[in-house]
Amino acid sequence: MNTDGRGRGQDNGRHDDTPPGWTSNPSIWAQRLPIIGLALIGTGIAGYLGAFQLGLIDSVWEPFFGDGSQTVLTSKTSHLLPVPDAVLGALSYVADAVTGAIGGTKRWKTMPWIVIIFGIAVGPLGAISILLVILQPVLYDSFCTLCLASAVVSVAMIGPAVDEVLASLQFLKRRRTQGRSLWRAFWGVDGDDDVTASPTELAGAGGAR
Amino acid sequence: MGARLVAVAAGVWLMFSPAAFNYVDTVPEASDRIAGPVAAALSFVAIWGVARALRWATLPIGLYLIVAPWVLGFPTDAAVSNLAAGVIFVVTAFVRGGVNERYGGGWMSLRDPCPGVDLPARS
C-alpha cells in the first residue's frame with residue numbers, strides 16, 4: 001500500500017503495522033526475541049549468583065579475579081536490602097522477559113502500557129547494574145566476573161528495547177494531537193487505527209492544516 | 001559503529017588501567033573506575049541507531065579526563081591513560097556514524113504535533 005507518492009516519512013508498504021516514518025516495526029518478534037533471550041541469560045547468571053548469596057551453593061565460579069566474586073557477593077552493599085542484590089537482579093530479568101513477551105506485533109500501538117513498563121524494567125535495571133559494577137572496585141578493590149557479565153547483558157538490552165518505547169510515545173503524541181483520549185490510548189482500548197496516510201486524518205486538530 | 005566500539009574499548013581500558021599501571025588505592029583509580037564503566041555503557045547503548053544521540057554524553061566525560069590529571073595531580077602513567085581515553089571520547093562524540101533505520105524523526109519528534117508524519121509545508 002504505497003500511499004500518495006509523497007513517500008517521505010511514510011510506510012512504503014513494507015509492513016502494515018510499521019509506525020509512520022519508520023523503516024521497520026519495533027514490535028515484531030525478530031526484534032523482541034533477542035531481548036527476551038538476553039533477559040533469560042541474565043536470569044540464569046543472576047540466579048546463580050543469588051543462589052550463592054542465599055547459601056544454596058558453597059562457592060562461585062571466578063576464573064580471573066581470585067576471591068573477587070566472593071568479596072563482592074558478600075559485601076555490605078550487596079546485602080543492603082533484606083534480599084541479596086543478585087536475587088533482586090534475577091527477579092528484574094524475569095520482569096524484563098515477561099514484559100518483553102506480552103502482546104502481539106502491534107503492541108506499540110495496541111498496548112502502550114506494557115511497552116512503557118518494559119522500558120522502565122529494562123532501562124533502570126541497566127543503570128543499576130552499571131552502578132554496582134562501579135561500586136565493586138571502588139569500595140572493595142574487587143571485580144566479579146559474572147557480575148560484569150550480568151552488567152553487559154543488562155546494558156545490551158537497553159538499545160534494542162527503547163525503540164519500541166519511542167514508537168509508543170510517538171503514537172500517544174499523535175493521539176493527543178487528534179484530540180483523542182490519551183488515557184484510553186495508553187491502555188489500548190481506543191482501537192489500533194493510526195495516522196498512516198495523509199495528515200488530513202488529523203481531523204482539524206492542532207498542527208494540521 | 002566503529003567509533004562506538006573504540007569508545008567502549010577506551011572505557012573498558014580505564015577500568016583496568018589502575019591495575020596495569022599500578023595506581024590502585026589512589027584518587028586516579030577511583031576516578032578511572034567511575035568514568036570508565038559509565039562512558040563504556042553509554043557508548044555501548046549508542047551503538048543502536050535509536051540511541052545514537054547518547055554518544056554526546058561521552059563528550060563531558062572526555063573533557064573531564066583531559067583536565068583531571070592536571071587538577072588532581074595524577075602520576076604520569078595514569079595521566080597518559082586518562083589523556084588518551086579523554087581524547088578518544090571527545091573525538092568519537094563528534095563521529096555520528098551511519099544509521100540505516102528511520103525512527104519517525106526520533107526522540108526530538110516528540111515535540112512535533114504529529115511525530116513520524118510529514119505535515120504539509122507551511123505556505
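From a predicted model like this one, the values you see are computed outputs, not experimental measurements. Just so we're on the same page: letters track the sequence lines, and every chain starts at 1.
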Of all of B/Asp25, B/Val24, B/Asn100, which one pairs up most often with chain A through heavy atoms under 4.5 Å apart? B/Asp25
Checking heavy atoms, do the side chain of A/Leu166, its backbone, both or neither come under 4.5 Å from chain B? both
So what's closer than 4.5 Å to chain B heavy atoms on A/Ala151: side chain, backbone, both or neither? neither
With only heavy atoms counted, which part of A/Phe143 is less than 4.5 Å from chain B, the side chain, the backbone, both or neither? side chain
May I ask you to decide if B/Arg102's main-chain N or O and A/Trp22's side chain share a donor-acceptor pair within less than 3.5 Å? no
State, yes or no, whether a side-chain contact exists between A/Val162 and B/Trp107 at a heavy-atom distance under 4.5 Å. yes
Between A/Asp163 and chain B, with a heavy-atom cut-off of 4.5 Å, which part of the residue counts as in contact: side chain, backbone, both or neither? both
ring-ring contact (aromatic ring centres under 6.0 Å, His included) with B/Tyr64: which residues, sequence neighbours excluded? none
Which portion of B/Arg52 sits near chain A, non-hydrogen atoms under 4.5 angstrom: neither
Side-chain donor/acceptor of A/Lys173 to backbone N/O of B/Asp112, under 3.5 Å: yes
Under a 3.5 Å distance rule, please check whether A/Gln178 uses its side chain to pair with a backbone N or O of B/Cys114 as donor and acceptor. no
Hey, could you give me the CG/CD1 distance between B/Leu42 and A/Ile130, rounded to the nearest 0.5 Å? 8.5 Å
Whatever's closer than 4.5 Å to a heavy atom in chain A on B/Glu101 counts as both
Which atoms of B/Phe44 approach chain A - backbone, side chain, both or neither, heavy atom under 4.5 Å: side chain
Angle between ring planes, B/Phe16 versus A/Phe65, binned at 30° and 60°: parallel, tilted or perpendicular? parallel
Largest heavy-atom contact set with chain A, pairs under 4.5 Å, which of B/Pro37, B/Gly106, B/Pro18: B/Gly106
Using every non-hydrogen atom in the two residues, find where A/Gly159 and B/Val50 come nearest and quote the distance to one decimal. O-CG1, 3.7 Å
Using a 3.5 Å distance criterion without hydrogens, assess whether the side chain of B/Arg33 forms a donor-acceptor pair with backbone atoms of A/Ile134. no
Most heavy-atom pairs under 4.5 angstrom with chain B, which of A/Val152, A/Leu169, A/Leu172, A/Leu139? A/Leu169
Any donor and acceptor pair, going by atom type alone, linking the side chain of B/Glu29 with main-chain N or O of A/Val138 inside 3.5 Å? no
For atom CH2 of B/Trp70, is the number of surrounding heavy atoms from other residues, nucleotides or ligands below 6.0 Å larger than 12? no
Contact between B/Met15 and A/Pro137 at the side-chain level, heavy atoms closer than 4.5 Å - yes or no? no
